[in-house]
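This report refers to the structure that appears directly beneath it.
Note that the structure is predicted; figures quoted are calculated from it, not measured.
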There are 2 protein chains.
Amino acid sequence: MTQQSENTLKVAHQAFENLQHGLATGEWNQLLDMLTEDFNFWFPVGKFHGLNVGKQRAKEFFEYVSQAYSSGLTVTSLDHVTSNETTVVFEFRDEGPFMGELYKNRIAVSFDVRGDKICGYREYFGSDGKSN
Amino acid sequence: MTQQSENTLKVAHQAFENLQHGLATGEWNQLLDMLTEDFNFWFPVGKFHGLNVGKQRAKEFFEYVSQAYSSGLTVTSLDHVTSNETTVVFEFRDEGPFMGELYKNRIAVSFDVRGDKICGYREYFGSDGKSN
């Protein structure tokens, strides 16, 4: 593994840890601090469906997630991590209370890394929100 | 990149080519020939939602896809390929006619490679089937 690949993996793992922290607690500052100003992200559904541009938009998105899942979401299993020099893909499962039921999903997220920051994020759903 | 990583990438690219061929034409033999007998796959929704085990089940799945999208699906853009020694993730966009409308999606698929075969496949949806 090249030095760049190692750095990319390390930065993405930190971002993933911060993502988990945000999902669980609603505290997003640690993740937001890692985003470049020109950060962009893709999300599959709803109000943030499609391409979203800018760090401010990311802040709105993460706050929206924590409003929707106000009791927090827990990453129950990190199944696969696949990476190259610029991108790291995490395949994981999460769950948490949602509207009186238990939300569960399988998720793939790709982080694009630039230096010690995250410049891109793409989220994909592997299940229907009811099982994982 | 190690020799194993190079082989994994090569095998997965061939599988992805065969997947594209299957989606476009409904001919799945080339992809099926690459699957191990104990092949398993995950799919996000519908009849094949969740974990599916065995090559025969895969055959049924791919035939089902081609029945549902009888005019074929075209991969319009391969955006990211991320890989390690055993797994390759393809992020791409596809589209095709479906029930009188144009189906469009963003997809992530992970192929697990063993030797010159594919032993696992996980599919994730990045959009709602209406845009990509």
Would you confirm whether A:Asp128, through its side chain, and B:Pro44, through its main-chain N or O, come within 3.5 Å as a donor-acceptor pair? no
By a 4.5 Å heavy-atom criterion (distance strictly below it), what part of B:Arg106 contacts chain A: side chain, backbone, both, or neither? both
Relative to chain B, which segment of A:Ile107 carries a heavy atom at a distance below 4.5 Å: side chain, backbone, both, or neither? backbone
When A:Glu85, A:Glu91, A:His49 are compared by non-hydrogen pairs under 4.5 Å with chain B, the top option: A:Glu91
When only pairs under 4.5 Å are counted, which of A:Val88, A:Thr86, A:Thr87 shares the most heavy-atom pairs with chain B? A:Thr87
What is the distance from atom CZ of B:Phe43 to atom OG of A:Ser127, rounded to the nearest 0.5 Å? 11.0 Å
For B:Glu123 and A:Tyr124, run side-chain contact (heavy atoms from CB on, under 4.5 Å): C-alpha distance rounded to whole Å, both residues' side-chain angles, the deciding distance at 0.1 Å, then the answer. CA-CA 9 Å; B:Glu123 182 159 339; A:Tyr124 301 87; over 6 Å; no
Could you check whether any side-chain heavy atom of A:His80 comes within less than 4.5 Å of a side-chain heavy atom of B:Asp112, counting everything from C-beta outward? yes
Do B:Phe62 and B:Leu51 belong together in a cluster built from hydrophobic side chains that touch within less than 4.5 Å? no
In this structure, would B:Phe90 and B:Trp28 fall into the same cluster of hydrophobic residues linked by side-chain contacts under 4.5 Å? yes
State whether the number of non-hydrogen atoms from other residues, nucleotides or ligands found under 6.0 Å of B:Lys59 atom NZ is greater than 12. no
Do other residues, nucleotides or ligands put more than 12 heavy atoms under 6.0 Å from A:Lys55 NZ? yes
